[in-house]
Colleague: 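So that we are looking at the same thing, I have put the structure below in structure tokens.
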Amino acid sequence: ERVMREVLLHGGMDEAFDRSAGFARRLAESLGARLHVLYTVPDPLAAGWTAEVSAERMPEVHEAMESEARERLAPYIPLDDQERLDIQIALGTGPAEDEVVRYANEHGIDLAIVQARPDDGASMDLARAVLDGATCAVLVLR
């Protein structure tokens, strides 16, 4: 019997993610699992990061992005609930397919939740990559 202790949700910046955040929270709570939310930035430079960000400033940038991610999640999972539920916010820089698979395998994720819509090739590619590369169960939301 497979126990679900660590649940991963791939974060996005769209309404589909907004709906799935509440779902993932309820699912994780009902399983007694910890929820991880992984946001991916495919190309940090394109996302407005500058190449001049020095190594010693990276923790600051990372912290700012994490608090932005927590704020973004707040309408669906209030900040105090995020703390109480020990929700892990993670940031990955690189293609979502690589980052979600890497994170899931490195953090002992038991269930990964990804969104895939037939009209969105990138989301379908992500779902396929996670199915192929991650060692956990995968739940695909449409």
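Counting from 1, the numbers follow the sequence of the chain as shown. The basis for the numbers below is simple: all heavy atoms, side chains too, and nothing from hydrogens, waters or symmetry mates.
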Colleague: Testing the basics here: between Leu79 and Ala74, what is the closest heavy-atom pair and its distance to 0.1 Å?
Modeller: CG-CB, 4.2 Å
Colleague: Could you tell me the separation between the CG atom of Leu85 and the CD1 atom of Ile77, rounded to the nearest 0.5 Å?
Modeller: 7.5 Å
Colleague: Could you name each residue pair satisfying ring-ring contact (aromatic ring centres under 6.0 Å, His included) that touches residues 118-142, not counting sequence neighbours?
Modeller: none
Colleague: Mind jotting down which residue pairs meet the ring-ring contact (aromatic ring centres under 6.0 Å, His included) criterion with at least one end in residues 115-139? Sequence neighbours excluded, please.
Modeller: none
Colleague: Ignoring hydrogens and geometry, is there a side-chain-to-backbone donor-acceptor pair from Gln115 to Ser20 under 3.5 Å?
Modeller: no
Colleague: Decide if atom CZ of Arg142 counts as having more than 12 heavy atoms of other residues, nucleotides or ligands within a radius under 6.0 Å.
Modeller: no
Colleague: Report, one line per pair, each donor and acceptor closer than 3.5 Å where one atom sits in a side chain of residues 25-35; sequence neighbours left out.
Modeller:
unit_1 : atom_1 : unit_2 : atom_2 : d
Arg25  : NE     : Glu29  : OE1    : 2.9
Arg25  : NH1    : Asp81  : OD2    : 3.0
Arg25  : NH2    : Asp81  : OD2    : 2.9
Arg26  : NH1    : Gly22  : O      : 3.2
Ser30  : OG     : Arg26  : O      : 3.4
Ser30  : OG     : Leu27  : O      : 2.8
Arg34  : NE     : Glu6   : OE1    : 3.1
Arg34  : NH1    : Asp86  : OD2    : 3.3
Arg34  : NH2    : Glu6   : OE1    : 3.4
Arg34  : NH2    : Glu6   : OE2    : 3.2

Colleague: CE of Met65 to OH of Tyr39: how many Å apart, nearest 0.5 Å?
Modeller: 10.0 Å
Colleague: Applying a strict under-4.5 Å side-chain criterion to I, L, V, M, F, W and Y, I'd like to know whether Met124 and Val100 cluster together.
Modeller: no
Colleague: Which pairs pass salt bridge (Lys or Arg N to Asp or Glu O under 4.0 Å) with one or both residues in residues 87-100, sequence neighbours excluded?
Modeller: Glu99-Arg102
Colleague: Identify, with sequence neighbours excluded, every residue that meets side chain to side chain contact (heavy atoms under 4.5 Å, CB included) alongside Ala96.
Modeller: His10, Thr40, Leu126
Colleague: Taking side chain to side chain donor-acceptor pair (under 3.5 Å) as the test, write out the residues that go with Asp125, two or more places apart.
Modeller: none
Colleague: Listed by chain and number, what are the side chain to side chain contact (heavy atoms under 4.5 Å, CB included) partners of Ala90, not counting sequence neighbours?
Modeller: Leu38, Tyr103
Colleague: Considering non-hydrogen atoms only, spot the tightest contact between Val3 and Asp110 and give its length.
Modeller: O-CG, 3.4 Å
Colleague: Determine the minimum heavy-atom distance between Ser67 and Ala64, stating which atoms define it.
Modeller: OG-O, 3.2 Å
Colleague: Which heavy atom in Ser123 sits nearest to a heavy atom in Ala116, and how many Å separate them?
Modeller: OG-CA, 3.4 Å
Colleague: Check this for me: Glu106, atom CD, are more than 12 non-hydrogen atoms of other residues, nucleotides or ligands nearer than 6.0 Å?
Modeller: yes
Colleague: Mind checking the CG-CD1 spacing from Leu9 to Ile89? Nearest 0.5 Å is all I need.
Modeller: 9.5 Å
Colleague: Sequence neighbours left out, what passes side chain to side chain contact (heavy atoms under 4.5 Å, CB included) with Val101? Give chain and number order.
Modeller: Asn105, Val130
Colleague: Listing request: all ring-ring contact (aromatic ring centres under 6.0 Å, His included) pairs with a residue in residues 109-137, at least two apart in sequence or in separate chains.
Modeller: none
Colleague: Got a second to check how far Leu141's CG is from Arg117's CZ, nearest 0.5 Å?
Modeller: 11.0 Å
Colleague: What pairs of residues pass the ring-ring contact (aromatic ring centres under 6.0 Å, His included) test when at least one of them lies in residues 115-142, not counting sequence neighbours?
Modeller: none
Colleague: Between Glu66 (side chain) and Leu91 (backbone), is there a donor-acceptor pair under 3.5 Å?
Modeller: no
